[in-house]
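Reviewing the structure listed below.
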There are 2 protein chains.
Amino acid sequence: MARTKTTFDIFSAIAEPKRRELIEALAGKALTVNQTAEMMGWNQPMVSKHLTILKKVGLVNEQKDGRCRVYQVNPLPLMPIQNWVAQFEQFWNGNLDNLESYLNEIQTKESKDEQ
Amino acid sequence: MARTKTTFDIFSAIAEPKRRELIEALAGKALTVNQTAEMMGWNQPMVSKHLTILKKVGLVNEQKDGRCRVYQVNPLPLMPIQNWVAQFEQFWNGNLDNLESYLNEIQTKESKDEQ
DNA sequence: TTGATATATTCCCATCTTGGAATATGTTTT
DNA sequence: AAAACATATTCCAAGATGGGAATATATCAA
């Protein structure tokens, strides 16, 4: 009875637009919290909070370096999303006929309704 | 100041596990609300509510048929998700060397930390 | 030790959510 | 018109959220 926790799974974790921004910004890089904050134009606690959630679902790795913490993206947990969406790939990818017939079918049914 | 609305975008809409179940169950089929409710073992209002959200983000199409409403999945709005995740595909797909070097790098850095 | 720096955490609030129960709306049948 | 059926909507409660502000924690430097 309440929304799914953001740390429940990857789907929930990346539902937040700012966290997707963060992942994009950190992709392939290794940045400090403050570096990230400056780069994004966010305050430090906001960066830390979002990174904490991303860390919990495994989308970022944390490495201590003195008083800094360097974060890096680990994209592997995104695989389930890729796989889930791939179930429906046939409708738009490769086989355009499928898509067309699908759309035609909808079109037909809708115009039938309008009569 | 609050979580992103479920209808804000596709990412938020499919963050809810039940809605993903619903999409899977309706994929390729065309089912009535009651048929869906029976199939899922949910009550009717719950099905209607989730379908309403899915409809708002365009993931299902609704067709009136007498007093029934037939719902069908339209997977096209999932494309942005596919595309977004694809940015990171290189890390796990095709080029296993990338993945390995990536993991080794992390491993190295982590053991360095432990000293 | 003390101060400065880097980061995480806590507290508060407005807002949104999901589920259940009840009810409203709309359509068909008798 | 009235009853039956199919679906949507409303009202409620309990959580959970993201952001701001303040504060705690940890580490380095002087």
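Lettering follows sequence order; numbering is per chain, from 1. As the structure is a prediction and not an experimental result, all values here were calculated from the model.
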Completion exercise
Reading nucleotides 24-30 of chain D from 5' to 3' and marking B where a protein heavy atom lies under 4.0 Å of the base, S where only the sugar-phosphate is that close, and - otherwise, the string is ---BBS-
Handout entry: Nearest-0.5 Å distance, OH of residue B/Tyr71 to CG of residue B/Leu59
Key = 13.5 Å
Problem - B/Ile23 CD1 to B/Ile14 CD1 distance, which is reported to the nearest 0.5 Å - result: 6.5 Å
Problem - Rounded interatomic separation in angstrom, taking CD from B/Glu62 and P from D/dT7 - result: 10 Å
Problem - Any residue of residues 46-57 of chain A with a heavy atom less than 4.0 Å from an atom of DNA chain D - result: A/Met46, A/Lys49, A/His50, A/Ile53
Handout entry: Expected output: side-chain B/Gln35 to main-chain B/Thr32 donor-acceptor under 3.5 Å
Key = yes
Problem - Value in whole Å for how far the C1' atom of D/dA6 lies from OH of B/Tyr71 - result: 11 Å
Exercise for the section: List the steps and the verdict of side-chain contact (heavy atoms from CB on, under 4.5 Å) for A/Phe11 and B/Phe11. Expected result: CA-CA 7 Å; A/Phe11 288 91; B/Phe11 288 90; over 6 Å; no
Handout entry: Separation between CD1 of A/Ile81 and CG of B/Leu78, rounded to the nearest 0.5 Å
Key = 11.5 Å
Do any side-chain atoms of residues 39-46 of chain A form donor-acceptor pairs under 3.5 angstrom with protein atoms, and if so which ones, sequence neighbours left out?
| from | atom 1 | to | atom 2 | distance (Å) |
| --- | --- | --- | --- | --- |
| A/Trp42 | NE1 | A/Met40 | O | 3.4 |
| A/Asn43 | OD1 | A/Met46 | N | 2.9 |
| A/Gln44 | NE2 | A/Ser48 | OG | 3.0 |

Fill in the blank from the handout: Sorted by chain and number, sequence neighbours left out, side-chain hydrogen bond (donor to acceptor under 3.5 Å, both in side chains) with A/Arg3 holds for none
Handout entry: Pair pattern of DNA chain C in dot-bracket, where unpaired bases get dots and | marks partners in another strand, Watson-Crick or G-U under 3.5 angstrom
Key = ||||||||||||||||||||||||||||||
Practice task
Return the set of residues passing side chain to side chain contact (heavy atoms under 4.5 Å, CB included) with A/Ala15 (not counting sequence neighbours), or none when no residue passes.
Solution key: B/Ser12, B/Ala15
Handout entry: Under 3.5 Å donor-acceptor pair, B/Gln44 side-chain atoms to D/dA6 base atoms
Key = no
Exercise for the section: Give a yes or no answer on whether the side chain of A/Asn74 reaches the backbone of A/Gly58 with a donor-acceptor pair at less than 3.5 Å. Expected result: yes
Problem - OG1-CG distance between A/Thr7 and A/Leu54, expressed to the nearest 0.5 angstrom - result: 11.0 Å
Problem - Atom pair CG (B/Leu51) and CG (B/Leu22), whose distance is rounded to the nearest 0.5 Å - result: 5.0 Å
Practice task
Return the set of residues passing side chain to side chain contact (heavy atoms under 4.5 Å, CB included) with A/Lys49 (not counting sequence neighbours), or none when no residue passes.
Solution key: none
Exercise for the section: Please list residues of residues 3-17 of chain A whose heavy atoms come under 4.0 Å from any atom in DNA chain D, ordered by number; otherwise none. Expected result: A/Arg3, A/Lys5, A/Thr6, A/Glu16
Problem - A/Leu31 side, atom CG; A/Thr36 side, atom OG1 - distance, nearest 0.5 Å - result: 4.5 Å
Problem - Summary of salt bridge (Lys or Arg N to Asp or Glu O under 4.0 Å) pairs that have at least one residue in residues 7-32 of chain B, sequence neighbours excluded - result: A/Asp9-B/Arg20, A/Arg20-B/Asp9
Practice task
Could you name each residue pair satisfying salt bridge (Lys or Arg N to Asp or Glu O under 4.0 Å) that touches residues 67-84 of chain B, not counting sequence neighbours?
Solution key: B/Glu62-B/Arg69
Problem - Boundaries of the chain B footprint along DNA chain C (any atom under 4.0 Å from a heavy atom) - result: C/dA14 to C/dT28
